[in-house]
Protein chains: 2
Amino acid sequence: MYTLDQARAFVAVAEELHFGRAAQRLAMTQPPLSRQIQKLEKSIGVQLLQRDNRTVEVTVAGQAFLAEARKLVVAADRAPAMARRIAAGRAGVLRIGFTATSGYGMLGRLLVELDKDLPDVDVELAELVTVDQVQALLDGELDLGLARPPFDTAHFGSTLISTEELRLVVPAGHPLAGLGRPVAPGELADVDLVMYSPATSRYFHDLVVRLLPAGHGKVVHTVSQIATMVSLVAAGRGVALVPESTQVLGISGVAYLPLADHGAGRVELHALWNRESRNPALTPARAIVGKLANNKGDTSTTSIHPKITLDRH
Amino acid sequence: MYTLDQARAFVAVAEELHFGRAAQRLAMTQPPLSRQIQKLEKSIGVQLLQRDNRTVEVTVAGQAFLAEARKLVVAADRAPAMARRIAAGRAGVLRIGFTATSGYGMLGRLLVELDKDLPDVDVELAELVTVDQVQALLDGELDLGLARPPFDTAHFGSTLISTEELRLVVPAGHPLAGLGRPVAPGELADVDLVMYSPATSRYFHDLVVRLLPAGHGKVVHTVSQIATMVSLVAAGRGVALVPESTQVLGISGVAYLPLADHGAGRVELHALWNRESRNPALTPARAIVGKLANNKGDTSTTSIHPKITLDRH
DNA sequence: CGTCATTACGGAATGCGTAATGATA
DNA sequence: TATCATTACGCATTCCGTAATGACG
C-alpha cells in the first residue's frame with residue numbers, strides 16, 4: 001500500500017513536471033523522490049508519469065490519480081486541524097439547558113458571548129425545568145445547565161450566575177401600588193395569590209412558601225409559566241411574586257413593587273455541569289459563564305434578545 | 001505527519017474499542033498498534049482515545065477525527081482502483097469522430113458494443129469530415145476516427161471496418177428503374193447528376209469521377225450531405241451515386257439500383273487512430289472495432305439507431 | 001490470577017543523502 | 001558538455017514481533 005508522502009510526492013512532481021524542482025519543494029533530494037514515485041507506481045500497478053530522462057509528463061491514469069491524490073492530501077491536512085479545534089473546545093457542539101425564567105435575563109447574553117468567543121461551537125438549546133436538566137446532565141445529554149437550586153454538588157460543578165430579588169407584581173391601580181414604599185410580606189395576609197406549581201416550579205414555590213408567614217395569601221391559581229402568572233395578575237385575578245427580570249417581558253397593566261424583606265426573597269440562577277463531562281467545549285464555555293457572573297449587577301436591566309435557534313429534543 | 005496506516009489503525013481501534021481485536025483485524029500484534037496510536041495522537045497533538053488498561057473509549061475530538069479518517073482511507077483505497085481501471089482502458093474518455101455517412105451504418109453498432117464492453121468509458125462524439133478528423137487526431141483532440149481514405153498510414157493505424165457498394169438512386173418511376181437489371185456506368189451518359197462537393201466530400205467526389213466514363217453525366221447540383229442529395233433525387237432533379245447504407249435513411253420517392261460494375265464502385269470505411277495516442281481506452285476500443293469489422297456482411301442491413309449524445313466541439 | 005494496554009529490546013526493513021551512472025540534446 | 005532521471009551504497013531511523021511490566025477486576 002502506498003503512503004501519504006508518496007501521494008504528496010506525486011502531486012509535487014505532477015505539478016512541477018520536474019523531479020528536481022519537485023524535490024526542492026518537498027525539501028528532499030531527487031533520488032529518494034524518484035524512488036518514492038517508483039514505489040507508488042509499483043504499489044498501484046499503473047504508470048502515472050511518462051518520463052524519458054529529459055521530460056516528464058502525466059499519463060491519463062496519472063491525471064485521474066492526481067485529482068484523487070490532491071483531495072487526499074488536503075483531507076489529510078484538514079482532519080488533525082479539526083480534531084485540534086474540537087479538543088481545544090473551539091469547535092464542536094455545546095448543549096445548553098435553560099429554564100423559562102433564565103431565558104429572560106441571562107441566556108441571551110451567554111449566547112452572544114459564546115458566538116463571539118467560540119464561533120465554531122454549535123450551540124443546541126433545550127428549555128427544561130431544573131429537575132429535567134439535572135437528569136439530562138447526568139445522562140450526558142446536556143453539557144451545561146442554567147438552573148436553580150437544589151442540585152447535587154457531588155456530581156455537578158456550578159457557578160452562581162446571578163441573584164435577583166423577588167418583586168410583587170400587582171394589577172395597575174391596586175391599593176398596594178399606591179404605598180410608595182417596599183411592601184412587607186406581612187401586608188399580604190388577605191390578598192389573592194397566583195402561585196407556582198409545586199411540581200414543575202418547585203424552587204419558586206418553596207421560596208414563596210418560605211417568604212410568606214403561614215396562612216398568608218389565598219391561592220387563586222397555580223401555574224408554571226411566569227408569563228401566564230403575570231397575565232393573570234394583569235387580568236385582576238390576584239398578585240404574585242416574580243423575579244425582577246420578569247419586567248423585561250413588558251406585560252402592561254401591572255406594577256412591580258419591591259419587597260421590604262431583602263435577602264430572604266433572593267432568586268439564584270446557577271450554571272451547572274456534570275463533573276464527568278468529556279466535552280472540551282465545556283471548559284471555555286465555563287470561562288465565559290464566569291466572566292458573565294462577575295458583573296451581575298446589570299442582570300435585570302439587560303434588554304438583549306438575540307436571534308436564537310431553539311433545538312428541542 | 002501521520003500516515004495512512006495510522007489512520008487505518010485508529011479506525012480499527014475506534015470501531016472495535018479493543019486493541020487486541022483491532023490488531024487482529026489489522027493482521028498485527030498489539031504492541032505496534034498501541035505505539036502507532038500513540039504516535040498518531042502525538043503528531044496531531046490531541047488525545048483521540050481515552051483508555052485505562054481496561055476500557056477504550058473515543059474522545060469527542062476522536063469522534064471528529066474518526067469521521068475524517070474513515071473518509072481518508074476509503075478515498076485512499078478508491079484512488080488506485082480508479083487509476084488502474086483507466087490504465088486498463090476500462091474507464092475514462094474516448095473521443096470518436098465520424099463522418100455523416102458512417103453514422104448511418106457503423107457508428108450505432110460501435111456505440112452499442114462500447115457501452116456493453118466498456119460501460120465506464122465515456123464516449124464523446126464529433127461529426128467531422130475526414131480531413132478534419134485527421135487533423136483532430138494529429139492534434140490529440142480525437143482518439144478514434146471513422147473516416148474514408150486517403151490518410152497517412154505512417155502516423156495512423158487503421159482497420160478496414162466495412163466496404164459497401166455504390167447504388168444508383170433515381171426518382172421513383174425513372175426509366176432506369178424499370179430495367180430490372182444492374183445499371184452500367186455507360187448508361188449514365190446523358191442523365192442529370194447530383195454530385196458530391198469536391199471540397200468537403202473529396203472521397204465520394206473522386207470515386208464517382210473515376211467511375212463514370214469521361215464526359216458522362218451532367219452535374220445539376222453539388223452538395224455535401226448525402227441526405228440532401230437523395231432529397232434532390234426524390235424531387236426529380238436528377239440521379240446520384242450513394243453508398244448502399246443510405247437506404248436506411250428511408251427517404252421515399254426514390255429507387256436504389258445496383259451497378260453492373262462491381263468493385264470499382266466500392267466505398268471503404270476505416271477506423272483510424274494516431275499511433276502516438278496515449279489514451280488507454282483506445283486499445284480495447286480497437287479490439288471492439290476489429291470484432292465489428294469481421295462480420296461486415298450485414299453492414300447495410302442494420303437498423304440499429306441507439307440514443308446517442310452528440311458532443312460537438 | 002486473568003485480561004488488556006503499555007514498555008523494553010533485538011532484528012529486519014525502509015528511507016534518506018551523497019556519489020556514481022546513463023541517457024539525451 | 002550540461003542537464004536530468006536513475007541506480008549504487010552507507011548510515012540513520014522506523015517498525016515489527018517477542019518478552020516483560022503494570023494496572024485493574
Residue B:Val56, side-chain atoms from C-beta onward, closest of C:dA8, C:dA5, C:dG17: C:dA5

Strictly below 4.0 Å: does B:Arg51 bring a side-chain N or O up to OP1 or OP2 of C:dT6? yes

Would you say C:dA5 has OP1 or OP2 under 4.0 Å from some side-chain N or O of B:Ser34? no

Rounding to a whole Å, what distance do you find between A:Glu57:CD and D:dA5:C1'? 15 Å

If you find the nucleotide of DNA chain C closest to A:Asp52 and the one closest to A:Gln6, which residue's nucleotide is nearer the 5' end? A:Gln6

Restricting to non-hydrogen atoms, name the atom on A:Glu268 and the atom on A:Leu160 that form the minimum distance, rounded to 0.1 Å. CB-CD1, 3.9 Å

What is the distance, rounded to the nearest whole Å, between atom CG of B:Leu33 and atom P of C:dC4? 14 Å

Minimum heavy-atom separation for A:Glu41 and A:Leu49, please, with both atom names. OE2-N, 3.1 Å

Measure distances between side-chain N and O atoms of A:Arg54 and base N and O atoms of D:dT3, and say whether any donor-acceptor pair falls under 3.5 Å. yes

How long is the line joining CZ of A:Phe19 and P of D:dA5, in whole Å? 6 Å

Under-4.0 Å salt bridge between B:Asp117 and B:Lys291: yes

Check the phosphate of C:dG15 against A:Lys39, side-chain N and O only, distance under 4.0 Å to OP1 or OP2. Yes or no? yes

Would you mind reading off the distance between A:Met28 atom CE and D:dA12 atom C1', rounded to a whole angstrom? 15 Å

side-chain N/O B:Thr29 vs D:dC16 OP1/OP2, d < 4.0 Å: no

Euclidean distance, atom CE of residue A:Met1 to atom P of C:dA13 [Å, nearest integer]: 20 Å

Strictly below 4.0 Å: does A:Gln36 bring a side-chain N or O up to OP1 or OP2 of C:dC16? yes

Can you see if the side chain of A:Gln38 gets near the phosphate of D:dA5 - specifically, an N or O under 4.0 Å from OP1 or OP2? no

Just how far, in rounded Å, is P of D:dT14 from NZ of B:Lys42? 10 Å

Heavy-atom pair of closest approach, residues B:Phe65 and A:Pro80: CE1-N, 4.0 Å

Measure from CZ on A:Arg35 to P on D:dG10 and round the result to the nearest Å. 14 Å

Of all heavy-atom pairs linking A:Val93 and A:Asp143, the shortest is O-OD2, 3.8 Å

Rounded to whole angstroms, how far apart are CD on B:Gln30 and C1' on D:dT18? 12 Å

